[in-house]
Undergrad: 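Before we start, here is the structure in question, set down as structure tokens.
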Amino acid sequence: MSGIRSVQPFSLTRWLLTSLAMVLAPISIAEEGPLDIVMVAHQGVRTTSLNRDTARAMFAMRQRTWPDGQVLRVLVLPNDHPVHERFAKQSLSVYPHQLQLSWDRVVFSGTGQAPTKVISQPAMLERIATTPGSLGYLDREHLDDRVQVISME
């Protein structure tokens, strides 16, 4: 009988912790709120929307042109930047390290180049505004009329 008592408190504790985690998990996800990071492009880009697969191919450097044939210039923030992490996970459904592996593959195989890394969102905004064919992402609060938003289909 004493063996059962020693197991029950552990089981009750585990049950309580599991229940608490299940209740709190949706709250933490909901607290992230809506996706406030948007893809942005140079004003001269004629494409206004991309599906997730095309966007993922573009940011992975597997697609080197816009759908209309214009040369693509991809800009990204550093891998450990919170906006980069959220954009990769929420918009592209990949982890930042998966993008890095893709970039490393094209560079080491000699079949392409890695995207241009910029240090901050203001730098991203400036580079996209002044680089024809460029594509990147920004928090909505950093947008201005020098760039256009590319919607996700």
Side-chain angles (χ1 to χ4, degrees), residues 14-153:
R14 187 168 61 184
W15 179 83
L16 286 172
L17 289 174
T18 303
S19 298
L20 182 62
M22 290 173 59
V23 169
L24 293 179
I27 293 171
S28 64
I29 291 169
E31 287 176 341
E32 281 187 39
L35 182 61
D36 292 330
I37 301 170
V38 293
M39 283 188 297
V40 293
H42 184 269
Q43 285 289 356
V45 169
R46 291 183 290 276
T47 301
T48 59
S49 67
L50 295 170
N51 65 41
R52 186 180 309 263
D53 290 338
T54 301
R56 188 180 302 127
M58 293 169 100
F59 278 97
M61 304 305 287
R62 292 190 315 266
Q63 182 169 329
R64 297 182 182 110
T65 60
W66 286 93
D68 66 2
Q70 184 179 13
V71 174
L72 173 66
R73 308 274 186 229
V74 177
L75 297 149
V76 296
L77 292 165
N79 288 344
D80 60 349
H81 194 287
V83 171
H84 177 74
E85 291 175 357
R86 283 185 20 230
F87 175 74
K89 290 177 187 175
Q90 295 176 355
S91 295
L92 303 178
S93 298
V94 297
Y95 289 101
H97 73 271
Q98 291 172 300
L99 284 176
Q100 185 65 55
L101 287 173
S102 178
W103 303 334
D104 292 346
R105 192 171 21 259
V106 298
V107 169
F108 294 139
S109 69
T111 59
Q113 297 178 341
T116 301
K117 287 193 180 178
V118 293
I119 192 104
S120 66
Q121 291 189 82
M124 173 84 74
L125 176 64
E126 186 61 34
R127 289 291 296 269
I128 291 173
T130 58
T131 307
S134 59
L135 174 68
Y137 48 86
L138 292 168
D139 246 324
R140 282 193 187 275
E141 67 188 39
H142 289 276
L143 289 177
D144 68 22
D145 60 356
R146 296 181 294 159
V147 297
Q148 66 169 313
V149 172
I150 303 295
S151 63
M152 186 76 78
E153 295 174 351

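Numbering of residues begins at 1 and proceeds along the displayed sequence.
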Undergrad: Might you point out which heavy atoms bring Leu125 and His142 nearest each other, and give the distance in Å?
TA: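 So the minimum-distance heavy-atom pair works out to CD2-O, 3.4 Å.
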
Undergrad: Would you name the heavy atoms of Ile119 and Pro78 that are closest together and state the gap between them?
TA: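 It is O-CD, 4.2 Å.
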
Undergrad: What's the spacing between Glu85 CD and Asn79 CG if we round to 0.5 Å?
TA: 8.5 Å

Undergrad: Of the non-hydrogen atoms in Thr54 and Gln63, which two are nearest, and what is the gap between them?
TA: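 Closest pair (atom of Thr54, atom of Gln63, distance): CG2-OE1, 3.7 Å.
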
Undergrad: Please report the closest heavy-atom contact between Ala114 and Val107, naming both atoms and the distance.
TA: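 For Ala114 versus Val107, the nearest heavy atoms are N-CG2, 3.5 Å.
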
Undergrad: Supply the atom-to-atom distance Ser91 OG to Arg52 CZ, rounded to the nearest 0.5 angstrom.
TA: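 Those atoms lie 7.0 Å apart.
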
Undergrad: Without placing hydrogens or testing angles, list every side-chain donor-acceptor pair under 3.5 Å for residues 131-139, not counting sequence neighbours.
TA:
| residue | atom | partner | partner atom | Å |
| --- | --- | --- | --- | --- |
| Thr131 | OG1 | Arg127 | O | 2.6 |
| Ser134 | OG | Ile128 | O | 3.1 |
| Ser134 | OG | Thr131 | O | 2.7 |
| Tyr137 | OH | Leu77 | N | 2.8 |
| Tyr137 | OH | His84 | ND1 | 2.5 |

Undergrad: For the CD atom of Glu153 and the CG atom of Leu50, what is their distance to the nearest 0.5 Å?
TA: 7.0 Å

Undergrad: Hey, could you give me the CG/OG1 distance between Leu72 and Thr47, rounded to the nearest 0.5 Å?
TA: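 If we round to the nearest 0.5 Å, Leu72:CG and Thr47:OG1 are 9.5 Å apart.
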
Undergrad: State which residues pass side chain to side chain contact (heavy atoms under 4.5 Å, CB included) with Ala60; sequence neighbours excluded, sorted by chain then number.
TA: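 Applying side chain to side chain contact (heavy atoms under 4.5 Å, CB included) to Ala60 gives Arg62, Leu99, Ser102.
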
Undergrad: Tell me the ring pair (Phe, Tyr, Trp, His ring centres under 6.0 Å) pairs involving residues 91-124, sequence neighbours left out?
TA: Tyr95-His97

Undergrad: Would you say the side-chain atoms of Gln98 pair up with the backbone N or O of Ser93, donor to acceptor, closer than 3.5 Å?
TA: no

Undergrad: To the nearest 0.5 angstrom, please state how far the CD atom of Gln121 sits from the CG atom of Leu143.
TA: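 Spacing of CD (Gln121) from CG (Leu143) equals 9.0 Å.
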
Undergrad: Between Gln148 and Val45 (side chain of the first, backbone of the second, donor and acceptor by atom type, cut-off under 3.5 Å), is there such a pair?
TA: yes

Undergrad: Listed by chain and number, what are the side chain to side chain donor-acceptor pair (under 3.5 Å) partners of Ser109, not counting sequence neighbours?
TA: Thr111

Undergrad: Quick check: closest heavy atoms across Val74 and Met58, and the distance to 0.1 Å?
TA: CG2-O, 3.4 Å

Undergrad: Closest approach of Met39 and Ala55, non-hydrogen atoms and distance?
TA: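 Looking at all heavy atoms of both residues, the closest pair is SD-CB, 3.9 Å.
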
Undergrad: Mind checking salt bridge (charged side-chain N to carboxylate O under 4.0 Å, His left out) for Glu126 and listing every partner two or more places apart, or none if nothing turns up?
TA: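 Once residues adjacent in sequence are excluded, the partners of Glu126 under the salt bridge (charged side-chain N to carboxylate O under 4.0 Å, His left out) criterion are Arg146.
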
Undergrad: Quick one: salt bridge (charged side-chain N to carboxylate O under 4.0 Å, His left out) pairs with a partner in residues 68-81, sequence neighbours left out?
TA: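 Applying salt bridge (charged side-chain N to carboxylate O under 4.0 Å, His left out) to every pair that reaches into residues 68-81, excluding sequence neighbours, yields Arg46-Asp68.
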
Undergrad: Are more than 12 heavy atoms, taken from residues, nucleotides or ligands other than Gln43, located less than 6.0 Å from that residue's CD atom?
TA: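 It does: Gln43 CD has more than 12 such atoms within range.
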
Undergrad: For residues His81 and Val76, determine if any side-chain heavy atom of one lies less than 4.5 Å from a side-chain heavy atom of the other.
TA: no

